[in-house]
Protein chains: 2
Amino acid sequence: MVISLKDVAERAGVSVKTVSNVVNGYRHVTPATRQRVQQVIDELGYRPNLTARHLRKGRTGIIALALPELGNPYFAELADAVISYAAGLDYIVLLDHTNGRRDQEVLFAQGFRARLIDGLILSPIELENEDLLARGHDAPLVLLGEREYEAPYDHIAIDNVTAARTATQHLLDLGRRRVAFIGARHGRARQTAHLRLRGWREVMAESAALEGDGHGLVATTDGYTREDGAQAMARLLDSGASPDAAFCYNDMVAIGAMRTLTERGLRVPEDVAVIGFDNIEDGRYCSASLTTIAPHKQGIAQAAVDALLARLDGGEEARHAEPRHVRPGFALVRRESTLGRP
Amino acid sequence: MVISLKDVAERAGVSVKTVSNVVNGYRHVTPATRQRVQQVIDELGYRPNLTARHLRKGRTGIIALALPELGNPYFAELADAVISYAAGLDYIVLLDHTNGRRDQEVLFAQGFRARLIDGLILSPIELENEDLLARGHDAPLVLLGEREYEAPYDHIAIDNVTAARTATQHLLDLGRRRVAFIGARHGRARQTAHLRLRGWREVMAESAALEGDGHGLVATTDGYTREDGAQAMARLLDSGASPDAAFCYNDMVAIGAMRTLTERGLRVPEDVAVIGFDNIEDGRYCSASLTTIAPHKQGIAQAAVDALLARLDGGEEARHAEPRHVRPGFALVRRESTLGRP
DNA sequence: ATGAAAGCGCTAACAC
DNA sequence: GTGTTAGCGCTTTCAT
């Protein structure tokens with residue numbers, strides 16, 4: 001049988017209000033009453049019905065985190081950070097995945113799970129600006145990741161162009177000249193890959209390492225899996241390119257690319273230096289541990305949750321405050337894959 | 001402004017019941033009424049308040065999945081499978097992590113988030129039998145993973161001993177004799193590591209490959225990270241052992257162990273063949289791609305969700321039916337790390 | 001086929 | 001300090 005506040009009240013001979021006060025730690029309750037009520041609560045094994053509380057309060061204390069996929073360790077690690085940080089602030093995180101599909105992302109942006117969640121942190125891949133503008137309600141939304149939108153929402157993302165410049169420069173500093181970029185994407189000008197490609201292109205052009213627009217050194221992929229990286233590197237090599245370094249869209253792509261290099265008898269870093277992006281755990285345990293750009297995941301998680309909760313807990317003004325754009329930091333983590341030539 | 005059923009009803013000139021009927025796809029509504037109501041719904045952008053619905057129905061359609069950690073790709077991939085499968089059955093999954101700590105696991109088992117979730121799938125690490133017996137309520141619970149309990153709950157786990165035997169036998173079939181086991185744990189007789197260790201020990205003893213109890217070939221770890229695997233292998237080698245193969249508790253440990261082998265100048269598989277457990281994605285992209293035991297993750301996810309929903313949706317009888325013990329299958333996936341000697 | 005009204009369990013005004 | 005009571009928004013008998 002399910003025990004409600006009322007049952008406890010009757011058994012303890014007090015009103016539901018008093019029981020509620022005890023449950024919620026309200027200060028003005030006489031110790032005697034509190035103790036008696038608490039005893040009945042323990043006896044009966046009463047547990048508050050969160051759903052009822054949520055309905056009454058108009059809030060659930062649940063925020064959703066919609067990520068493309070959990071299979072990518074970067075997102076899994078990020079999810080971990082968000083869940084932990086939010087838990088410390090007494091918020092529950094509902095984790096969802098969109099598979100990076102526009103229809104799913106739109107669903108979330110449109111308020112899927114309305115009033116089950118108080119707000120949403122969304123990491124979009126295919127979502128368009130118009131989808132955001134067409135949002136029919138005002139539940140707080142925080143955008144995560146590198147796509148840029150012209151819509152009034154908080155946005156948390158590291159500076160991808162600068163990060164990509166840092167990565168490329170690092171390769172150049174090693175004395176490498178033919179630095180390939182693995183993981184370009186077709187379409188959508190604002191996509192992350194373009195930002196990273198831009199950083200690469202800028203540095204390459206400035207250092208005069210680039211001839212023409214560098215087409216011969218850029219490999220596109222369909223996605224960002226290890227397999228995509230392996231295939232892209234294979235295509236690049238088959239096309240006759242002979243890079244002495246590679247800046248990869250992310251660590252997964254880099255791991256795949258390194259795999260191909262090894263299979264072709266090319267050594268990392270002696271023949272080809274490789275740098276990734278994301279700093280996923282696996283990278284540290286590759287045959288040549290992977291140098292990478294490490295976005296500050298804790299910082300990203302905290303900024304996202306803080307931005308959301310500021311609107312949630314900040315009253316009416318905060319709810320309609322100017323959108324924040326937060327740029328958490330990043331670091332270059334040097335490992336074996338970019339050691340200098342012996 | 002927030003739109004409720006009542007608002008729609010007033011605007012459409014019907015009762016809330018009728019609107020509710022339309023929203024829920026109740027059959028007996030005249031097409032004309034349905035259309036008019038639907039139009040108002042679209043106009044006003046009405047979305048049902050799930051919390052209210054949940055309170056009224058006494059069910060939320062949310063099930064919790066409590067895993068030790070998301071940082072381990074095995075759990076991330078499993079979570080992915082559970083979320084997807086449950087979504088197809090119109091259930092929402094609330095993902096939580098326990099960090100493998102007993103107090104957290106107890107919290108979940110005790111009914112943390114009572115009546116926010118309809119049921120729980122828990123993958124325990126440190127939870128004890130008594131914790132389960134002390135459960136003060138009857139919300140459906142499904143246990144996941146290899147620890148065995150004597151408590152009346154559904155349990156989904158592959159046959160670890162047989163799987164471990166398969167892995168060990170594979171190594172022996174390669175002609176290896178000094179097969180190490182990396183990742184034993186102290187304490188708790190029922191823990192997974194013991195089951196896998198038992199499988200190893202049985203096969204080794206049967207083949208007479210084992211001298212004594214094999215202490216010299218068993219390395220314990222504190223956890224199951226890559227770092228644990230790297231250190232354990234280092235200790236083993238430092239102790240003077242010279243294994244020609246290693247069966248590792250899981251892929252993470254195996255990856256760490258391979259890293260140490262490489263650093264010590266030992267080749268995989270030529271000098272030491274390595275096999276892991278879990279079939280995580282990374283394993284395919286190691287310097288020597290990793291041979292592993294692949295638990296049928298889809299099968300595990302489905303069995304767990306099915307078991308839970310059977311009790312949730314099956315009425316009173318189902319709720320108190322005998323506990324199910326499901327043993328999803330597994331497969332040996334051969335890759336480079338156990339290729340035969342050239 | 002549609003409406004009226006009760007009530008899920010809780011919190012928060014407002015009394016006393 | 002504690003009790004009374006009115007809903008939060010929805011579904012669901014029970015009428016009509």
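Lettering follows sequence order; numbering is per chain, from 1.
- At whole-Å resolution of the value, NZ in B:K17 and P in D:dC14 are 13 Å apart.
- A:H54 has its NE2 atom 13 Å from the P atom of C:dA12, to the nearest Å.
- With D:dG7, C:dA13, D:dG9 as the candidates, the nucleotide lying closest to the side chain of A:R56 is D:dG7.
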Could you walk me through whether A:Y153 and A:H155 pass the ring pair (Phe, Tyr, Trp, His ring centres under 6.0 Å) check?
CA-CA 6 Å; A:Y153 296 104; A:H155 189 185; over 10 Å; no

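- The residue A:T51 sits apart from the nucleic acid: no heavy atom pair falls under 4.0 Å.
- For C:dT2, the OP1/OP2 oxygens have no side-chain nitrogen or oxygen of B:T18 closer than 4.0 Å.
- Rounding to whole angstrom units, CG of residue A:L5 and P of C:dA12 are separated by 12 Å.
- For the pair B:H28 NE2 and D:dC14 C1', the interatomic distance rounds to 17 Å; values are reported in whole Å.
- Remark on DNA chain C: of its neighbouring residues A:I3 and B:V16, the 5'-side contact belongs to B:V16, judged by nearest-heavy-atom nucleotide.
- For A:S4, no side-chain nitrogen or oxygen approaches OP1 or OP2 of C:dC8 to under 4.0 Å.
- Rounded to an integer number of Å, the gap from B:Q35 CD to C:dA1 C1' is 17 Å.
- Considering only side-chain N and O atoms, B:S20 lies nowhere under 4.0 angstrom from the phosphate OP1 or OP2 of D:dC10.
- Checking C:dG9, C:dA6, D:dT2 against every side-chain atom of A:V29, the shortest atom distance belongs to D:dT2.
- When the nucleotides C:dA12, C:dG9, D:dT12 are ranked by their closest atom to the side chain of A:N49, C:dG9 comes out on top.
- The side chain of B:T33 places no N or O atom within less than 4.0 Å of a non-bridging phosphate oxygen (OP1 or OP2) of C:dA1.
- Taking only side-chain atoms of A:T30, from C-beta outward, the nucleotide of C:dT11, D:dT12, D:dT2 with the closest atom is D:dT2.
- Computed from coordinates, the A:K6 NZ to C:dC8 P distance equals 7 Å when rounded to whole Å.
- Paired with B:D154 under the rule salt bridge (Lys or Arg N to Asp or Glu O under 4.0 Å), one option of B:R324, B:R311, B:R319 passes, and it is B:R311.
- Of the candidate nucleotides C:dG3, C:dT11, D:dG9, C:dG3 has the atom lying nearest to any side-chain atom of B:S15.
- Atom OH in B:Y26 sits roughly 12 Å away from atom C1' in D:dT13 (whole-Å rounding).
- Side-chain contact check for B:D118 and B:Y91: no donor-acceptor pair (N or O, by modelled atom type) lies under 3.5 Å.
- Separation of atoms CD1 (A:I63) and CD1 (A:I121) is listed at 4.5 Å; rounding is to 0.5 Å.
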Passes salt bridge (charged side-chain N to carboxylate O under 4.0 Å, His left out), B:E126 versus B:R147? Steps please.
CA-CA 9 Å; B:E126 296 282 351; B:R147 281 207 67 182; 5.3 Å; no

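- Cation-pi contact between B:K297 and B:Y74: absent, since separation from the ring centre below 6.0 Å together with deviation from the ring axis within 45° is not met.
- Between B:R34 and B:L55, the residue anchored nearer the 5' end of DNA chain C, judged by the nucleotide with its closest heavy atom, is B:R34.
- Rounded to a whole Å, the OH atom of B:Y46 is 10 Å from the P atom of D:dG9.
- Under 4.0 angstrom from either OP1 or OP2 of D:dT2 there lies no side-chain N or O belonging to A:N21.
- Between C:dT11 and A:N24, a contact under 4.0 Å exists linking OP1 or OP2 to a side-chain N or O.
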